[in-house]
Amino acid sequence: MSKSYKGIRLKQHRVYSVEQLMSAYSVTANTVSNWVGEGLQPSDGKKPYLFRGAAAEDFHKRKRLAVKHKLRPGQFQCWGCQTSVFPAVETVVDYFADNGRHMYSAICPFCSTKLQKISGETDRDLIEDCRNPNTPTGCLHEEKASVRGGIGIKAERNSQILHVENDRLIHKWQTYAGGNSEKTIDKHLAAVRFFERTLQGKSFTKLTTDDFATVRDELKNRAAAQGTDALSASTIRHYISHLIAFFDWLLTQNGFRRLPGDFAGYLKLPKAIVAQAAQVKQKEFPSLSEAEELLNIMPSKSLVDLRARAIFALAFLGALRADTLVSLQIKHIDIERRLILQDARAVRTKAGKSLNIIWFQIPAAFEAAVVEWVGRLQWLGFTADDTLFPDTKHLKHRIGLKGRNAAPVPVMSTTHAVTDAFNIA
């Protein structure tokens with residue numbers, strides 16, 4: 001994987017420990033420490049450090065953009081990390097190229113790649129100053145950021161202030177909430193961060209009943225708002241439910257038992273306000289006859305075409321969510337009994353529900369597309385434990401492997417294939 005870490009996405013509302021960052025980016029603790037020196041800001045000045053996901057994402061984006069910028073004095077271009085870095089001054093070595101030009105070599109502090117650079121006058125002055133024994137180590141980096149004291153971090157990506165006063169507490173809650181699904185945790189965190197933003201990052205240790213009333217009033221305003229600031233009735237109800245659950249937990253923690261125990265009453269909204277909240281715009285969808293026509297005209301020349309047809313057809317046969325579709329295995333389709341075996345132990349289902357879904361009695365073209373696809377996979381050598389909808393790279397490389405003794409072809413981690421299938425239709 002590229003050292004630019006472009007393909008790694010952290011959750012913007014979550015708080016990560018050093019160990020969690022090491023795991024996410026497959027790096028060492030020393031690399032995370034170097035990132036802090038390069039400008040990655042911890043949530044506060046306490047150790048062990050904690051980091052907001054949005055801050056880490058913004059840091060790596062800025063590092064990637066730095067590749068396109070002119071190098072600053074003392075800065076080297078690392079082609080291993082695909083970014084610009086300030087090496088430790090003790091690794092900088094002077095030498096002369098064959099053409100007599102004065103050069104510098106150094107070692108990348110992140111990936112240990114050898115760096116080279118033609119020395120300029122400003123480089124020479126800065127490096128000589130840094131080599132002075134009385135100069136602190138690492139002085140090449142003139143813009144090291146100081147650790148914030150829990151006030152806030154500015155994410156330059158969208159110019160928003162990330163309130164970090166409560167990050168250490170929220171990280172503790174994340175551990176407590178680990179028994180829930182990742183999506184459930186994300187939704188709860190979205191509500192907590194809304195609460196936090198409304199109060200401009202106020203510490204949860206200092207909350208009063210007036211603060212809960214302020215959040216309630218903001219929800220009322222969002223119910224009546226128009227455009228991007230509006231919240232639907234469903235979102236408002238879920239926010240209130242998630243906030244009540246979070247602060248019920250908080251009241252059990254040491255140091256928070258003096259918070260107002262009747263906070264839930266201050267979050268209550270009038271039924272009329274919720275009923276008038278902005279409603280989600282209904283999406284257009286095809287009728288059954290229109291869907292059949294779309295299926296019939298979808299291309300069918302390649303394996304990718306056939307996969308798209310099967311995805312589109314199975315979505316109608318079982319009314320399945322996109323994430324459930326792409327996580328099915330071949331063994332979850334019982335053609336003889338016309339069943340979809342939704343096993344929550346292996347399939348990504350809503351609320352972890354397992355059930356057998358009988359195919360809807362709809363035009364035969366939908367059944368035919370699924371049956372043809374399963375038959376094609378079996379002919380190609382795919383087995384029951386393989387994914388029902390293989391990624392394109394597996395379709396290209398798994399052809400003709402009948403009787404293979406290999407690890408099952410994994411399900412896709414994203415729903416892009418479902419999106420593509422419906423776009424094609």
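Residue numbers start at 1 and run along the sequence shown.
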Min side-chain heavy-atom separation [X]-[Y] under 4.5 Å:
{"X": "Leu115", "Y": "Cys108", "result": "yes"}
{"X": "Leu328", "Y": "Leu320", "result": "yes"}
{"X": "Leu169", "Y": "Trp173", "result": "no"}
{"X": "Lys172", "Y": "Thr175", "result": "no"}
{"X": "Thr113", "Y": "Cys78", "result": "yes"}
{"X": "Val27", "Y": "Trp35", "result": "yes"}
{"X": "Leu314", "Y": "Trp373", "result": "no"}
{"X": "His102", "Y": "Phe96", "result": "yes"}

How long is the span from the [atom1] atom in [X] to the [atom2] atom in [Y], to the nearest 0.5 Å?
{"X": "Leu377", "Y": "Leu388", "atom1": "CG", "atom2": "CG", "result": "6.5 Å"}
{"X": "Phe51", "Y": "Leu40", "atom1": "CZ", "atom2": "CG", "result": "5.0 Å"}
{"X": "Phe389", "Y": "Ile330", "atom1": "CZ", "atom2": "CD1", "result": "10.0 Å"}
{"X": "Thr205", "Y": "Leu250", "atom1": "OG1", "atom2": "CG", "result": "9.5 Å"}
{"X": "Lys220", "Y": "Leu231", "atom1": "NZ", "atom2": "CG", "result": "14.5 Å"}
{"X": "Asp248", "Y": "Leu243", "atom1": "CG", "atom2": "CG", "result": "11.0 Å"}

ring-ring contact (aromatic ring centres under 6.0 Å, His included) partners of [X], counting only residues at least two apart:
{"X": "Phe256", "answer": "none"}
{"X": "His242", "answer": "His188, His238"}
{"X": "Tyr239", "answer": "Phe194"}
{"X": "Tyr266", "answer": "none"}

Taking side chain to side chain donor-acceptor pair (under 3.5 Å) as the cut-off, I'd like each qualifying pair that reaches into residues 254-264, sequence neighbours left out, listed once.
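Residue pairs passing side chain to side chain donor-acceptor pair (under 3.5 Å), neighbours aside: Asn254-Arg257.
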Is it true that Ser234 and Ser232 share a donor-acceptor pair across their side chains at a distance under 3.5 Å?
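Judged by distance alone, the side chains do not pair up.
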Ignoring hydrogens and angles, state whether a donor on the side chain of Thr214 or Asp217 is under 3.5 Å from an acceptor on the partner side chain.
no
Between [X] and [Y], what is the shortest heavy-atom contact and its length?
{"X": "Lys46", "Y": "Asp44", "answer": "N-OD1, 3.0 Å"}
{"X": "Ile340", "Y": "Gly318", "answer": "CD1-CA, 3.8 Å"}
{"X": "Ala369", "Y": "Ala313", "answer": "CB-CB, 3.8 Å"}
{"X": "His394", "Y": "Pro390", "answer": "CB-CB, 4.1 Å"}

Would you give me the side-chain donor-acceptor pairs under 3.5 Å for residues 341-348, sequence neighbours excluded?
{"unit_1": "Gln342", "atom_1": "NE2", "unit_2": "Lys353", "atom_2": "O", "d": "3.2"}
{"unit_1": "Asp343", "atom_1": "OD1", "unit_2": "Arg345", "atom_2": "N", "d": "3.0"}
{"unit_1": "Asp343", "atom_1": "OD1", "unit_2": "Arg345", "atom_2": "NE", "d": "3.1"}
{"unit_1": "Asp343", "atom_1": "OD2", "unit_2": "Arg345", "atom_2": "NE", "d": "3.3"}
{"unit_1": "Asp343", "atom_1": "OD2", "unit_2": "Arg345", "atom_2": "NH2", "d": "2.9"}
{"unit_1": "Arg348", "atom_1": "NE", "unit_2": "Asp323", "atom_2": "OD1", "d": "2.9"}
{"unit_1": "Arg348", "atom_1": "NE", "unit_2": "Asp323", "atom_2": "OD2", "d": "3.1"}
{"unit_1": "Arg348", "atom_1": "NH1", "unit_2": "Met412", "atom_2": "O", "d": "3.4"}
{"unit_1": "Arg348", "atom_1": "NH2", "unit_2": "Asp323", "atom_2": "OD1", "d": "3.1"}
{"unit_1": "Arg348", "atom_1": "NH2", "unit_2": "Met412", "atom_2": "O", "d": "2.8"}

Quick one: do Phe195 and Phe247 satisfy ring pair (Phe, Tyr, Trp, His ring centres under 6.0 Å)? Show the steps, please.
CA-CA 11 Å; Phe195 184 97; Phe247 286 106; 4.8 Å; yes
Can you sort out the partners of Ser23 under side-chain hydrogen bond (donor to acceptor under 3.5 Å, both in side chains), two or more places apart, ordered by chain and number?
none
Mind checking what makes side-chain hydrogen bond (donor to acceptor under 3.5 Å, both in side chains) contact with Tyr95, not counting sequence neighbours?
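In terms of side-chain hydrogen bond (donor to acceptor under 3.5 Å, both in side chains), with neighbours along the sequence ignored, Tyr95 is linked to Gln116.
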Take atom [atom1] in [X]; do more than 12 heavy atoms of anything else shown fall under 6.0 Å from it?
{"X": "Gln253", "atom1": "CD", "value": "yes"}
{"X": "Arg376", "atom1": "CZ", "value": "no"}
{"X": "Asp98", "atom1": "CG", "value": "no"}

Hey, is the main chain of [Y] close enough, under 3.5 Å, to the side chain of [X] for a donor-acceptor pair?
{"X": "Asn180", "Y": "Ile185", "value": "no"}
{"X": "Arg193", "Y": "Gln12", "value": "no"}
{"X": "Asp123", "Y": "Pro73", "value": "no"}
{"X": "Lys117", "Y": "Gln77", "value": "no"}
{"X": "Asp125", "Y": "Thr122", "value": "no"}
{"X": "Asn166", "Y": "Phe204", "value": "yes"}

Is the shortest side-chain N to carboxylate O distance from Lys61 to Glu57 below 4.0 Å?
no
Going by an N to O cut-off under 4.0 Å, is there a salt bridge joining Asp305 and Arg309?
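No, this pair does not count.
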Under the rule for salt bridge (Lys or Arg N to Asp or Glu O under 4.0 Å), what residues qualify as partners of [X], not counting sequence neighbours?
{"X": "Lys187", "result": "none"}
{"X": "Lys11", "result": "Asp186"}
{"X": "Glu128", "result": "Arg131"}
{"X": "Lys331", "result": "Asp385"}

Please assess Lys202 against Glu165 for the test side-chain contact (heavy atoms from CB on, under 4.5 Å), listing each intermediate value before the final yes or no.
CA-CA 7 Å; Lys202 184 176 183 179; Glu165 178 74 20; over 6 Å; no
Matching residue for His171 among Arg14, Arg52, Gln20 - test: side-chain hydrogen bond (donor to acceptor under 3.5 Å, both in side chains)
Gln20
